[in-house]
Undergrad: 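Let me begin by handing over the structure; questions about it come next.
Bear in mind that the values here come from a model prediction, so they are computed numbers and not experimental data.
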Amino acid sequence: MGQRTRYVTIAVVAVVLGTVTTAGSVLAQPQRPMDVRDVVEVRQIQDIQVSPDGRQAAAVVAEPSVAANKVTSRVLVLDMAASQKVREVASLSGAAERITDLRWRPDGRSLTYLAPHDGVDEVWTVPAQGGRAQRLFAAPGPAIPVGGARALRGGVIPPHQAKVLRHEWSPTGRHLAFTVPLPPGEHTLDGVPVDDRTTLEGIGTGSYYPPRVGVWLWDVTNGRPRALVEVEMGRATYGPELFWSPDGTRLAVSGSSLTVLDIGSGATRILDENWYPARAVSWTADSRRVVVSTGQQLTGIAVDGSGSQPLAKLPAGSLTAIWTSPDRVVAAISDGTNEAVYAGKPGSTLARMSPENIDLSGCAFDHSRQDAMCVRQTNSSAPRLAVLRADGTLRDGYDPNHDMHDRAVQAPVAATWTNAKGQIATGYRIVPNGCGDGRRCPAIVITHGYDAMNKFMWQGHEWDYPSQVFAAKGYVVLLVNEPRVPGGPVDPRDTVSTMESAVRHAVDRGEVDPGRVGIAGYSRGAQITQRALAISTVFKAGSSGDGGDGGPGGPGDGVGDAIKAPLLAQTTEAVGMLLFPVFKRLRARGIPAEMVLFPDETHIFHQPRHREAAMRQNLDWFGRHLG
């Protein structure tokens, strides 16, 4: 089977869910303000999988370290039943730096995952009770650079070498489907024609042609892998996702198109040529239809071409996952404030299953689709595990951030704001004690797009602008989304008007000093920040993170030359090349401007030391310009 004799000891911890630290015991501990390092070193739960018998769950916990400047991934195995003990069953000394794509083998005796134990991402297996990790098989093809600003796709993941991108076990356990990255196309001496598929990322990385992946099948009985099909990598970070039919005879591939492969015959059928890979996919219990979302509707598409049929109605929001059984449909949906779980019978409108005002994400259900293990968090509580029962009750589980209970954290308040055109935007407010009680405080608006949600200092919105640390230092913090406009993107001027409305509301409440207001955002938020500094007089300083690169609403249409307030730009090298002329022109006009490049970084900074440095630079920048 191409296995090697190299073994790796991996951390597999059995954690029993039950009593955790209570609110009373937290309050009894002496508390101190949260600091930058606390934010950088928050442990994240990155993957959850429930065992085939529904009795256990496995999770990957990522533990950043500023001192070591790395992120260590640990695999935990947890009991779904209640108990009070935490039991370690294997040494932690061999924990890998990056573990992804965690899966149970169908017999429930072992786990598989992707990790670079030998320097390249391949499929490894470890006993569920703990022990030595062993490479499962030798992946075909060469290692390909993946992730990072100068590698194949995935500008938000750390650069690494990979032979395998994803893997999924068939329900029978006989086959393992997996995807491999393919080398980028070669250019010729005649040059590379630019077409509608060419991206700025491709020009910067040398990946001139749309990257492709190969879909392969490993047969457990003979240990041989065989190629099935090649498809475009699509927009998903790790390429197309794989979904087995319940009977194990077909495989759905969700990439740039939605394709179904018949394992026995090798035949392929494209169900949707204009597929968006972020859409959730599942199967009906009879393996005859692929379940997808079409607006506010779940639809089953027949794989034999006989048509589609409605399966269930969805509440408003963004669908992130689907689980189906013969008598139950379950879906994870984000409503722009919380991510929650909804359930119902086939043909019904799904109703909320999880408690209100609680954010549950990354859920994994048992095979009966009754109980789930999820990540629970809020704006004021760090991620931890919790069991969601079929009756909607929630039981707290293992808390990887239990040592942060002595940090003083202030609960944000959900808010809505209306701009000059009457458009409504959502978000959160954090008002430190004393602000508004006869004292006006400085304020910072943090924006990115539509993802200011009930998550704990989520880097997808706050990036390197730690709201709780700003609040601890006396800033009123406004986490503001863009307004949602039916039928198209919002006008950038209306977005700035929304940010101004949030500030004016806080000024009218007597909480904010109108002469000390800043704005910050990364990526799309960087474009918003730069435009706000160009067309608004409300904001006295700004910080833009790895964005504002000349796209619509960015400095390319003259916004850069109109900026009239101090600007800090923190960028990767690729974006820095585009912003450098803007930075130079600001300095030439006498506008205070600083630019900090972070080499070998990704769009969301993955190096803990870089994140810490960027956060401290932002605190210092606004401290100097807002007081």
Undergrad: Would V477 and I446 count as a side-chain contact (heavy atoms from CB on, under 4.5 Å) here? Give the steps.
TA: CA-CA 7 Å; V477 181; I446 300 173; 4.0 Å; yes

Undergrad: Out of curiosity, W458 CH2 to H448 NE2, how far, rounded to the nearest 0.5 Å?
TA: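 With rounding to 0.5 Å, CH2 (W458) is 8.0 Å from NE2 (H448).
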
Undergrad: Determine whether the side chains of Q31 and D406 contain a donor N or O and an acceptor N or O closer than 3.5 Å.
TA: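 Not at all, the side chains of Q31 and D406 share no donor-acceptor pair under 3.5 Å.
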
Undergrad: Examine the side chains of T495 and T498 and answer whether a donor and an acceptor come within less than 3.5 Å of each other.
TA: no

Undergrad: Atom OG1 of T447 and atom CD1 of I528: how far apart are they, to the nearest 0.5 Å?
TA: 4.0 Å

Undergrad: Please tell me whether T426 and N481 have a donor and an acceptor in their side chains that are separated by less than 3.5 angstrom.
TA: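 Yes - a donor-acceptor pair under 3.5 Å links their side chains.
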
Undergrad: Drop me the distance from T378's OG1 to M453's CE, to the nearest 0.5 angstrom.
TA: 13.5 Å

Undergrad: Side chains of residues 356-364: which donor-acceptor pairs under 3.5 Å do they make with residues two or more places apart or in other chains?
TA:
residue: D359; atom: OD1; partner: K455; partner atom: NZ; Å: 2.8
residue: D359; atom: OD2; partner: E339; partner atom: N; Å: 2.9

Undergrad: Walk me through whether E511 and R429 qualify under salt bridge (charged side-chain N to carboxylate O under 4.0 Å, His left out).
TA: CA-CA 11 Å; E511 298 164 347; R429 303 165 51 247; 2.9 Å; yes

Undergrad: Name all residues meeting the side-chain hydrogen bond (donor to acceptor under 3.5 Å, both in side chains) criterion together with H606; count only those two or more places apart in sequence or in a different chain, and write none if there are none.
TA: E601, T602

Undergrad: Regarding H505 and D508, is there a side-chain donor-to-acceptor distance under 3.5 Å anywhere?
TA: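 Side-chain D/A pair, H505 to D508: absent.
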
Undergrad: Over all heavy atoms of both residues, which pair between A565 and F539 is shortest? Give the atoms and the distance, please.
TA: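 The pair with the smallest heavy-atom distance is CB-O, 3.8 Å.
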
Undergrad: Is any side-chain heavy atom of K540 less than 4.5 Å from a side-chain heavy atom of L626?
TA: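 SC-SC contact between K540 and L626 confirmed.
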
Undergrad: Do D546 and T571 pair up side chain to side chain, a donor and an acceptor below 3.5 Å, judged on atom types alone?
TA: no

Undergrad: Aromatic rings H603 and Y522: how do their planes relate, parallel, tilted or perpendicular, breaks at 30° and 60°?
TA: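 Rings of H603 and Y522: tilted, 30 to 60°.
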
Undergrad: Not counting sequence neighbours, list each pair that qualifies as a salt bridge (Lys or Arg N to Asp or Glu O under 4.0 Å) and has a residue in residues 606-620.
TA: D35-R616, R37-E612, D464-R611, E612-R616, D620-R624

Undergrad: Distance check, rounded to the nearest 0.5 Å: F456 atom CZ versus R384 atom CZ?
TA: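 Rounded to the nearest 0.5 Å, the CZ-CZ separation comes to 10.5 Å.
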
Undergrad: So Y113 and H117, would you call those rings parallel, tilted or perpendicular, with 30° and 60° as cut-offs?
TA: perpendicular

Undergrad: Which residues pass the salt bridge (Lys or Arg N to Asp or Glu O under 4.0 Å) test with R43, not counting sequence neighbours?
TA: E63, D403

Undergrad: Determine whether the side chains of Q410 and Q468 contain a donor N or O and an acceptor N or O closer than 3.5 Å.
TA: no

Undergrad: Anything under 30° is parallel, anything over 60° is perpendicular, the rest tilted; go ahead and classify F598 against H610.
TA: perpendicular

Undergrad: Quick one: disulfide (SG to SG under 2.5 Å) pairs with a partner in residues 431-462, sequence neighbours left out?
TA: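 Only C435-C441 qualify under disulfide (SG to SG under 2.5 Å).
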
Undergrad: Would you say the side chain of R376 lies within less than 4.5 Å of the side chain of L394, judging by non-hydrogen atoms?
TA: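 Side-chain contact under 4.5 Å: yes.
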
Undergrad: So, using salt bridge (Lys or Arg N to Asp or Glu O under 4.0 Å) as the criterion, who are the partners of D38 when residues are at least two apart?
TA: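 By the salt bridge (Lys or Arg N to Asp or Glu O under 4.0 Å) rule, D38 matches R32, R407.
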
Undergrad: Just by distance, with hydrogens left out, do T337 and N454 show a side-chain donor and acceptor under 3.5 Å apart?
TA: no

Undergrad: Check the pair D513 / R439 against salt bridge (charged side-chain N to carboxylate O under 4.0 Å, His left out), numbers first and verdict last.
TA: CA-CA 9 Å; D513 178 351; R439 179 168 67 94; over 6 Å; no

